[in-house]
> 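A single structure is presented below for examination.
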Amino acid sequence: HAKEQGRNGFRFVTKEMGAKSRERMDLEGALRQAIREGELFLVYQPQVDTLTGRMVGLEALVRWRHPEEGLILPGRFLPVAEETGLVLAMGDWVLFEACAQIRRWRQRFDLSIPVAVNVSGAQFRDGQLPVKVARALDANGLSGCELEIEVTESTLIDDVESAAATLAALKQRGVLIALDDFGTGYSSLSYLHRLPIDKLKIDRSFIHDLSTGASDASVPRAIVGLGRSLGLSVIAEGVETQEQLQLLRDLACESYQGFLFSRPIPAEEIERLLETLTAVQPPMQPPVQPVS
Ligand code: C2E
Ligand code: MG
Ligand code: MG
Ligand code: MG
């Protein structure tokens with residue numbers, strides 16, 4: 001629907017809609033230019049083992065440094081990118097840049113943790129994704145297991161058959177697959193064990209609920225159990241407090257990401273983190289609590 005409105009909006013222009021579609025067109029043009037002019041960049045958020053505090057992965061997240069408006073977050077430009085199809089060009093850039101960054105890190109650090117890249121529905125359904133992924137890996141001399149692709153449940157269930165084919169092609173190259181924002185979509189247990197998924201990412205809304213007074217761990221607990229019985233790893237998103245981390249340890253959720261450990265940060269800051277990590281062997285903060 002959104003797509004139709006975007007294309008045909010001019011037919012039903014009210015004052016408000018006119019302003020909206022003008023803003024959208026401005027944003028579309030500016031985003032087109034941003035991709036061309038190199039205004040996009042990636043930040044990376046560490047993924048951490050809940051027990052040892054060791055970094056076990058990174059997630060790449062796109063950012064836009066607009067010449068006049070400054071930093072723009074994906075929440076503002078992704079909807080436009082998706083409606084206009086620009087998300088394909090943006091996604092190509094993200095994929096290649098992430099792989100180039102992995103190569104640069106591999107050359108400097110003796111550390112082989114996967115880097116996750118988010119993929120929108122349109123990119124996933126495009127049919128070209130496995131080829132593009134293979135090209136980005138090859139061009140940077142990477143093996144598939146150095147890259148993880150994050151998709152949401154809704155992306156997969158739109159068309160399970162073609163999703164299965166795309167996932168199979170990615171798996172053939174050894175790429176890891178994570179289900180992002182898990183628990184918010186229309187989870188069907190049947191597709192979960194039919195599709196070659198490696199990891200479930202517990203949506204941060206459930207983690208947020210862990211710290212409220214009516215602390216309810218039932219959904220995270222269920223997802224951890226589901227992961228265990230299906231042989232999938234489970235990571236919690238959006239961990240902000242020590243209390244949430246402790247609850248995740250109690251649930252035996254193996255890893256987490258969130259502001260508690262680090263915000264998404266530029267590649268250079270990840271490098272500083274890696275330098276301390278390789279220099280200092282002991283686990284990083286937050287300190288390890290013995291589990292009973
Ligand atoms: P996501 O993949 O679920 O990413 C997690 C989002 O939660 C990120 O927002 C991250 O900055 C934020 N976050 C991480 N830790 C915490 C925390 O402790 N507390 C809170 N409140 N938030 C936290 P961001 O970077 O604004 O990205 C939003 C969404 O945009 C992403 O959600 C993802 O769906 C999409 N996205 C980001 N980068 C890309 C990209 O390169 N390609 C595509 N297709 N989508 C992307
Ligand atoms: Mg993600
Ligand atoms: Mg998520
Ligand atoms: Mg999300």
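Whatever order the structure lists ligands and atoms in, that order sets their numbers, starting from 1.
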> Does ligand 1 come near enough to V62 that some N or O of the ligand is less than 3.5 Å from an N or O of the residue?
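For ligand 1, there is an N or O atom that lies under 3.5 Å from one belonging to V62.
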
> Tell me whether the guanidinium CZ or amine NZ of R263 lies under 6.0 angstrom from the six-membered ring centre of F259 and within 45° of its axis.
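Relative to the ring axis of F259, which defines the angle, R263 lies inside both limits.
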
> Check ligand 1 against G258 and write out every atom of the ligand that is under 4.0 Å from a heavy-atom position of the residue.
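Counting atoms of ligand 1 from 1, those under 4.0 Å from G258 are 15 (N), 18 (O).
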
> Do you know which two heavy atoms are closest between D203 and E237, and how far apart they sit?
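Answer, listing the atom of D203 first, then E237: CA-OE1, 3.4 Å.
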
> Could you tell me which residues satisfy salt bridge (Lys or Arg N to Asp or Glu O under 4.0 Å) with R36, sequence neighbours excluded, listed by chain and number?
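Testing R36 for salt bridge (Lys or Arg N to Asp or Glu O under 4.0 Å), a comparison that skips the adjacent residues, returns none.
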
> Does the distance from a Lys or Arg side-chain N to an Asp or Glu carboxylate O, for K171 and D198, drop under 4.0 Å?
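Answer for the salt bridge query: yes.
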
> Do any N/O/S atoms of D180 come under 2.8 Å of the Mg ion (ligand 2)?
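Looking at D180, which is the residue asked about, there is an N, O or S atom under 2.8 Å from the Mg ion (ligand 2).
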
> Quick one: closest heavy-atom pair of N140 and R103, and the distance?
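Closest approach of N140 to R103, heavy atoms only: OD1-NE, 2.9 Å.
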
> Hey, could you give me the CG/CD distance between L88 and Q123, rounded to the nearest 0.5 Å?
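L88 CG to Q123 CD: 6.5 Å, rounded to 0.5 Å.
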
> If we only consider heavy atoms of K201, is any one of them less than 4.0 Å away from an atom in ligand 1?
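No; K201 lies far enough from ligand 1 that no heavy-atom distance drops under 4.0 Å.
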
> For the atoms OE2 of E237 and OD1 of D181, give the angle they form at the Mg ion (ligand 3), rounded to 10 degrees.
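That angle works out to 130° after rounding to 10°.
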
> If I take every N, O or S atom of E59, is at least one of them less than 2.8 Å from the Mg ion (ligand 2)?
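Coordinating: yes.
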
> Can you find an N or O of F259 that's nearer than 3.5 Å to an N or O of ligand 1?
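Yes, at least one N or O pair falls under 3.5 Å.
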
> Check if G75 has a non-hydrogen atom at a distance under 4.0 Å from any atom of ligand 1.
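Contact check G75 vs ligand 1: negative.
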
> Is R204 close enough to touch ligand 1? Criterion: a residue heavy atom under 4.0 Å from a ligand atom.
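Judged by the 4.0 Å heavy-atom criterion, R204 does count as contacting ligand 1.
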
> Assess R263 for proximity to ligand 1: is some non-hydrogen atom of it under 4.0 Å away?
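Flag not set, R263 not near ligand 1.
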
> At the 4.0 Å heavy-atom cut-off, does R63 count as touching ligand 1?
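Yes.
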
> Quick one: CE on M90 to OG1 on T84, what's the gap to the nearest 0.5 Å?
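Atom-to-atom, M90:CE and T84:OG1 are 10.0 Å apart.
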
> Is the count of non-hydrogen atoms from other residues, nucleotides or ligands lying under 6.0 Å from Q172 atom CD greater than 12?
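No, because the 6.0 Å sphere around CD of Q172 holds 12 heavy atoms or fewer from other groups.
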
